[in-house]
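Some notes on the structure that comes next.
In this chain, residues are counted from 1 in sequence order.
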Amino acid sequence: MAKSRTYSIEELGPRYKWIALSNTTLGMLIATINSSIVLIALPDIFKGIGINPLEPANTSYLLWMIMGFLVVTAVLVVSFGRLGDMYGRARMYNLGFAVFTVSSVMLAITWFDGDAAALWLIGWRIVQGVGGAFLMANSSAILTDAFPANQRGLALGMNGVAAIAGSFLGLVVGGVLAPIDWNLIFLVSVPFGVIGTIWAYLKLHDTGVRKHARMDWWGNITFAVGLISVLVGITYGIQPYGSSPTGWGSPMVLSCLIGGVAVLIGFVVIETKVDNPLFRLSLFKIRSFTWGNIANLTASLGRGGLQFILIIWLQGIWLPQHGYTFEQTPLWAGIYMLPMTVGFLLAAPTSGILADRIGSRMLASTGLAITALTFLLLIILPVNFDYWAFAAILLINGIGMGMFSSPNRAEVMNSLPADARGSGAGMMTTFQNAAMVLSIGFFFSLIISGLSSTLPSTMHDGLLAHGVPEAAASQVAGLPAVAVLFAAFLGYNPIQQLLGGQLSSLPPDQAQFLTGRSFFPNLISGPFQSGLAVAFGFAIVVCLIGAVASLLTKDAKKPKGQSVGEELAAVAGESGTGPSELVAPAVER
């Protein structure tokens, strides 16, 4: 880890901020690539370890492979941001890179099979999430320390670009590598992790104000227990319980949700009593911090489940109807969703620069309003859409999210006192990641409810019409809708998975039709569209609430200074240096 001395920005020189930006951008990129790379690779992973994730006994493995990383980062980022405030943000960030790299190696060398392999992967994914939490909690604070206020929008915007772009690039990278060898999806991060760890150790320095204090152990414990309970409850609420298609009425789920909320209430009480709280509630007296976080929370609620719903839409319905086999759909789903990434890449840096010049409020609010409009357009769009209309909506959605993300993050981080930037950034990331888990659970539940109301009878009648015996048709139609949903999500051939050995007893032409590219997509199109309308209707409401919250922030006065272009030119011109020398050491260690 980086040494403990604190440097001044003047000591480090004008190049240091760009070193900090490039390293933290790499950290965010590999962290978010790894948060999504598993989604596309899940069929190959489970095939490789010899587990059928659609069997009821294995559903928990599937859910924790999907949700575990997000849950861990949501729980730990506040604590790790607080550690950064106390012991140095560069040190904690560097530790995160090291933990992330080691866990990537351990994931790549999995030698078990069956349940042992699943538990090994989930365990090391959780450790990887610990490393990701260190990176996420401290990257924004490092940039806020390194950049002057009139350039933070650009810096945080570039960091945000890496975070969002990584989540979509992970889908493509996973789709390319997993069919070759599923271990490669973890191994690909190792060289970047090694380079990032060494680079962070040699180049990053602590520049912020440190506030040494005793750790708030009771706050840490109650926060972790409460949030884990709530997020675990949400995760298992997606699974069926008894005759119900979802588990929201399960005693275990209710206990987790109610107990978790009770413990979090206790956490808030504790934080008002201790001298050095983990969660500085006094920060909520800052108008921009409060409203900026409310906007961030609602935006994450609106868009958190979007990626999952679009994957199901493409893999389960649209791609098979347009000539792709179910096995091809994971990779092509990632490719066809790239317009959203392009929109974000265009808008986030630009809006960050504009926020530095004209303020954040209107940009962030307009961005969420545009995002809400795209959800409305997705509701109107036919399930079997024309791709160019779909791509245009995704592009505009990415632009809206980019317009919101950079100015919102800059507004919140600029509002924080220097000694609270780590914990403040951690609080912001906690709201975001917890809202994303909640959004995924909510979106999945709405889609499952929509499927459960009409799919059983539709499937039963459709199977009977194509020669499936009554007993088999009733058995398959009675399976939980979540099995159908996950089959589509994983890129399996759903009817082939659900009927199994029954297919061999059918006439070849009927078996071929049932497992072909039209029967299943046409079967679920109507029920899926009903659930889609409710889910995206919810997204519209929360995005509009976020747009209003963004308007209620208070733009800080922007100090005068060199523009980014002028400063980069000045730095490059010093002593005849070029851009390649921006990574040179700023000071001797």
Side-chain angles (χ1 to χ4, degrees), residues 26 29-55 58-59 61-70 97-129 131-132 165-197 307-308 311 314-315 319 324-338 341 486-493 496-497:
L26 175 64
L29 186 65
I30 70 163
T32 52
I33 283 177
N34 274 271
S35 71
S36 64
I37 198 170
V38 168
L39 298 180
I40 294 298
L42 281 171
D44 294 288
I45 292 173
F46 282 110
K47 182 179 179 181
I49 64 177
I51 282 181
N52 180 2
L54 299 181
E55 292 181 2
N58 297 330
T59 305
Y61 293 151
L62 176 61
L63 284 173
W64 279 107
M65 284 294 292
I66 294 172
M67 310 279 270
F69 190 94
L70 274 177
F97 241 137
V99 170
F100 193 93
T101 304
V102 170
S103 61
S104 297
V105 172
M106 301 307 289
L107 284 162
I109 62 173
T110 306
W111 61 89
F112 303 109
D113 289 313
D115 294 345
L119 293 172
W120 173 274
L121 290 171
I122 291 168
W124 281 107
R125 277 288 284 175
I126 289 172
V127 176
Q128 195 178 51
S167 67
F168 285 97
L169 289 174
L171 300 177
V172 179
V173 173
V176 171
L177 295 180
I180 301 171
D181 186 337
W182 66 266
N183 301 84
L184 292 176
I185 68 165
F186 300 116
L187 192 62
V188 71
S189 298
V190 174
F192 296 102
V194 171
I195 292 170
T197 302
Q307 188 178 74
F308 290 84
I311 289 173
L314 288 169
Q315 292 184 189
L319 287 168
Y324 296 87
T325 65
F326 284 100
E327 292 74 21
Q328 292 174 319
T329 58
L331 171 61
W332 284 99
I335 292 171
Y336 279 125
M337 288 166 62
L338 282 176
T341 306
F486 282 152
F489 178 74
L490 292 170
Y492 291 144
N493 188 319
Q496 191 173 56
Q497 291 290 323

Seminar exercise, completed: All heavy atoms of Gly193 vs all of Phe97, minimum pair found to be O-CD2, 4.0 Å
Problem set entry | Distance, nearest 0.5 Å, that separates OG of Ser189 from CG of Leu107 | 9.0 Å
Exercise. Once the angle between the rings of Trp332 and Tyr324 is folded into 0 to 90°, is it parallel (under 30°), tilted (30 to 60°) or perpendicular (over 60°)?
Worked result: tilted
Seminar exercise, completed: Distance col, row Ile185:CD1 vs Asp44:CG, nearest 0.5 angstrom, shows 8.5 Å
For this session: Find the distance between CH2 (Trp124) and OG1 (Thr110) and round it off to the nearest 0.5 Å.
Result: 10.5 Å
Exercise. Is the closest side-chain heavy-atom distance between Tyr61 and Phe46 below 4.5 Å?
Worked result: yes
Exercise. With a 4.5 Å limit on heavy-atom distance, are the side chains of Leu121 and Ile49 in contact?
Worked result: yes
Problem set entry | Over all atoms of both residues, closest heavy-atom pair of Val188 and Leu177 | CB-CD1, 4.0 Å
Exercise. Do Leu314 and Thr329 touch side chain to side chain, with heavy atoms closer than 4.5 Å?
Worked result: no
Exercise. What closest approach, in Å, do Asn34 and Arg125 show between heavy atoms, and which atom pair accounts for it?
Worked result: O-NH1, 2.7 Å
Exercise. Under a 4.5 Å cut-off applied to non-hydrogen side-chain atoms, are Leu187 and Leu184 in contact?
Worked result: yes
Problem set entry | Which atom of Leu29 lies closest to which atom of Leu169, heavy atoms considered | CD1-CD1, 4.4 Å
Problem set entry | Trp111 and Trp120 aromatic ring geometry - parallel, tilted or perpendicular at 30°/60° bounds | tilted
Exercise. Of the non-hydrogen atoms in Asp113 and Gly48, which two are nearest, and what is the gap between them?
Worked result: OD1-O, 3.9 Å
Exercise. Ser104: what forms a side chain to side chain donor-acceptor pair (under 3.5 Å) with it, not counting sequence neighbours?
Worked result: Gln128
Exercise. Can you check whether Phe186 reaches Met106 side chain to side chain, under 4.5 Å on heavy atoms?
Worked result: no
